[in-house]
Protein chains: 2
Amino acid sequence: MAVTIREVASAAGVSVSTVSRAFTAPDQVQPTTRQRILDAAAELGYSPNPAARSLRGGGTGTLGLIVPDIANPFFPPIIKAMQARARHLGYTVLVADSDEREADEMAAIAAVSKRVDGLILWASTLTEDRLHELAGRMPLVVVNRHVPGIPEVRISLAAGIAQAAEQLKAYGHRRCVFINASRAELSRGKSIQESFEALDLSLSELGPYEPRFETGVHAATLVAAHEATAVIAHNDVVALGVLHQMANLGVSVPRDVSVIGIDDTLLASVSTPSLTTIRIDPEEIATRAGDLLIETIANTTGRTGPGLDAASPIVEIGSRLIPRASTGPAPAH
Amino acid sequence: MAVTIREVASAAGVSVSTVSRAFTAPDQVQPTTRQRILDAAAELGYSPNPAARSLRGGGTGTLGLIVPDIANPFFPPIIKAMQARARHLGYTVLVADSDEREADEMAAIAAVSKRVDGLILWASTLTEDRLHELAGRMPLVVVNRHVPGIPEVRISLAAGIAQAAEQLKAYGHRRCVFINASRAELSRGKSIQESFEALDLSLSELGPYEPRFETGVHAATLVAAHEATAVIAHNDVVALGVLHQMANLGVSVPRDVSVIGIDDTLLASVSTPSLTTIRIDPEEIATRAGDLLIETIANTTGRTGPGLDAASPIVEIGSRLIPRASTGPAPAH
DNA sequence: TTGAAAGCGCTAACAT
DNA sequence: ATGTTAGCGCTTTCAA
């Protein structure tokens, strides 16, 4: 068995409560005593048992993060950043994925909910009702999902899209295609349409499709029919499908067609040509979401009734264009 | 507060121990009683508190997995597969990364060790001594690291390499280059050298480098000097660097040079041209590693002295070539 | 400033 | 087959 608080207590010649305080409320114990305890603890290799702590009611010290798909290259950097941030704040992060299916998401939530102090649900597939019910039982933050009354982190593509439109305009493009592959409630289409119209760029929307490589391959064959010289894809994976098929068709990128992705995953920087894309900073979103959850946990603790708060917070994360080699001047025609 | 075993007990009109047994030893309670308990539990939305369970000594129901880098595209599918497997077996998986640095790995281990029943250490940076010490304190499985006395999962590239050599030979290649970017103790070089020699293929080794995209870019410029017509890269990322630079140099892949990666990450299937690579099945390795750890946990529980076992198990995971578009006949010359 | 003791939810003797 | 109860390690009143 591991070393317990009692052994530290007897080694330091104090009671267990003093040892406990030495860790959780250091200023309540005499400096000399505290030092003696800390030394004894170090000597014995003591560290508090988290199970006992959380049983006692102190919370689990763990944040839960449910993402649609761990294997989607967009998420690993976010997970990594959130782990780092959380550790810094004394938390651990427990990650699970929902596979974009409600049943799996419920299972994932059930599996982690008793082990965490709160939950970050990314693009949740759950109904509003269920989310509200869940939020009533534990601190909750949703990302990329708007549910009134639940704290939210929202990714805004507006800035990145506007920059993309500007770049394409400056390069002389006139007709563009957007490959849409969003679930309805997450659609990326609307804001894009507006940004492009504002600059007098025509934008045809294809889809909605599944956000897969093959979607890009398929959509690429449709670009010519629209007489478009630029393509914005739903994400980097789809954009790579476009690049792939353009190469097959003997269409040069960016000479004949410019291609823009979204997410700035690893894929974008290692493709050939490297992919111009709209970056969403993983560290920022991870940090903001983690902090928001911790804040929500803090507000929930020691509150009796259900949230009579003012409006629940909404944090917005920006985006920006990362110009790389897949965009360039429109063909002379 | 959440619903406890006591509330279920009174709702079902039985004692807490009967409720406990209804969950942990169903056959020890009368079917009718059990059903009544299960109904009451469902009604109340009861689920056992894992903190209480583990405090009681029942283990945490969690497996720890420390990988070098969550953001390395090789790992997410493995993490995902291990989660799935573990959930199936009633476990949760807690993942952390070591960033390839001993200090970070120690911190990660410290952060999770009290929350898990055992640990899978992937390509651990720790010294053998530390690993032995750790193994003395908790069930341990190492992956891609050989430490006598510690259960181990080992990835064997032999089969995949042999198939690669055969393919290149059949395509008429004679001179090849291997871009090595391994830490010494993990080196992929030796077995490759042997496989190629066995088929009378000349293999020059470049490096060791860091396993990054830029390494591939750099190494690509060196291939011509070796008069090689085929390149095997340390992993897919490095291979993409090669593809990228070959395109820059106006060298056609696979017409002029064939390129082979290792890992079969997402990158390989979405590159242009798609990348021939050596696949290590993420599900297999995740399953085997998870199962081995659970087995090790089971053997440790209820054993008194330190392991006087027979030799600790070593599980070997195979590999195979996935032919795609980046390999083809050697140029006629 | 420090100590004694109750109790968090659960399981496993032990008793019936 | 079911009930009673001690105790896992810790924090936190309450007392001194």
Side-chain angles (χ1 to χ4, degrees), chain A residues 1-38 40-41 44-62 90 113-117 137-138 301-302, chain B residues 1-41 44-62 90 92 113-117 137-138 301-302:
Chain A
M1 225 32 205
V3 28
T4 79
I5 200 175
R6 226 174 326 257
E7 309 175 43
V8 177
S10 69
V14 295
S15 74
V16 292
S17 35
T18 306
V19 177
S20 177
R21 280 188 283 257
F23 283 93
T24 59
D27 35 300
Q28 281 181 42
V29 12
Q30 192 114 24
T32 61
T33 324
R34 189 199 319 155
Q35 195 52 53
R36 196 153 31 94
I37 292 169
L38 263 29
L44 272 51
Y46 167 79
S47 77
N49 179 330
R53 274 194 168 165
S54 57
L55 182 55
R56 191 60 198 11
T60 61
T62 303
S113 66
K114 309 281 271 208
R115 305 172 189 272
V116 302
D117 294 339
R137 279 188 288 127
M138 67 191 309
T301 308
Chain B
M1 225 34 205
V3 28
T4 79
I5 201 174
R6 223 171 332 254
E7 308 176 43
V8 178
S10 71
V14 296
S15 74
V16 291
S17 42
T18 306
V19 176
S20 177
R21 279 189 284 258
F23 283 94
T24 60
D27 35 301
Q28 282 181 41
V29 10
Q30 192 117 20
T32 61
T33 324
R34 190 198 320 156
Q35 195 51 53
R36 195 151 34 92
I37 293 170
L38 263 29
D39 289 348
L44 270 51
Y46 167 79
S47 75
N49 180 330
R53 276 194 168 166
S54 56
L55 183 54
R56 192 60 202 4
T60 60
T62 303
T92 301
S113 65
K114 310 279 272 209
R115 303 170 190 274
V116 302
D117 294 340
R137 278 190 289 127
M138 66 193 308
T301 309

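Proteins get letters first, then strands, A, B, ... in listed order; numbering begins at 1 in each. Values below: every heavy atom of this structure, side chains too, minus hydrogens, waters and symmetry copies.
A side-chain donor-acceptor contact under 3.5 Å links Arg36(A) to the backbone of Ala12(A).
Atom CG of Leu55(A) and atom C1' of dC8(D) are 9 Å apart (whole Å). We find that CD1 of Ile37(A) is positioned 11 Å from C1' of dT1(C), with the value rounded to whole Å. Summarising the geometry, the separation between NZ on Lys114(A) and C1' on dC10(C) is reported as 12 Å, rounded to the nearest angstrom. Rounded to whole Å, atom P of dA13(C) lies 11 Å from atom CD of Gln28(B).
Note on Arg53(A): every side-chain N or O is 4.0 Å or more away from OP1 and OP2 of dG9(D).
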Restricting to nitrogen or oxygen on both sides, can you table the protein-nucleotides 4-7 of chain D pairs closer than 3.5 Å?
residue, atom, partner, partner atom, Å
dT4(D), O4, Ser17(B), OG, 3.0
dG7(D), N2, Arg56(B), NE, 2.5

Got a list of side-chain donor-acceptor pairs under 3.5 Å for residues 50-62 of chain B, not counting sequence neighbours?
residue, atom, partner, partner atom, Å
Ser54(B), OG, Pro50(B), O, 3.1
Ser54(B), OG, Ala51(B), O, 3.2
Thr60(B), OG1, Thr62(B), N, 3.2
Thr60(B), OG1, Arg115(B), O, 3.2
Thr60(B), OG1, Asp117(B), N, 3.2
Thr60(B), OG1, Asp117(B), OD1, 2.7
Thr62(B), OG1, Arg115(A), NH1, 3.3
Thr62(B), OG1, Thr60(B), O, 3.4

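For Gln35(B), the side chain to side chain donor-acceptor pair (under 3.5 Å) partners two or more places apart in sequence, or in a different chain, are Asp39(B). A search for salt bridge (charged side-chain N to carboxylate O under 4.0 Å, His left out) contacts involving Arg137(A) returns Glu133(A), not counting sequence neighbours.
Relative to the axis of its first five pairs, the axis of the last five pairs of the helix from dT1(C)-dA16(D) to dT16(C)-dA1(D) sits at 40°, rounded to 10 degrees.
Residue Phe23(A) is out of contact with every strand shown, counting any heavy-atom pair closer than 4.0 Å. Looking at heavy-atom distances under 4.0 Å, Thr33(A) makes contact with sugar-phosphate atoms alone, never a base.
Applying the side-chain hydrogen bond (donor to acceptor under 3.5 Å, both in side chains) test to every pair with at least one member in residues 18-28 of chain A, sequence neighbours left out, gives these pairs: Ser15(A)-Thr18(A).
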Task: Intermediate values then yes/no, side chain to side chain contact (heavy atoms under 4.5 Å, CB included), Thr4(B) and Asn49(B) - done: CA-CA 8 Å; Thr4(B) 79; Asn49(B) 180 330; over 6 Å; no
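With dT12(D), dC10(C), dC8(D) as the candidates, the nucleotide lying closest to the side chain of Arg6(A) is dC8(D). Considering only side-chain atoms of Ser20(A), the nucleotide from dT2(D), dT11(D), dC10(C) that sits closest is dT11(D).
Distance check: Thr32(B) OG1 to Ile37(B) CD1 gives 9.0 Å after rounding to the nearest 0.5 Å.
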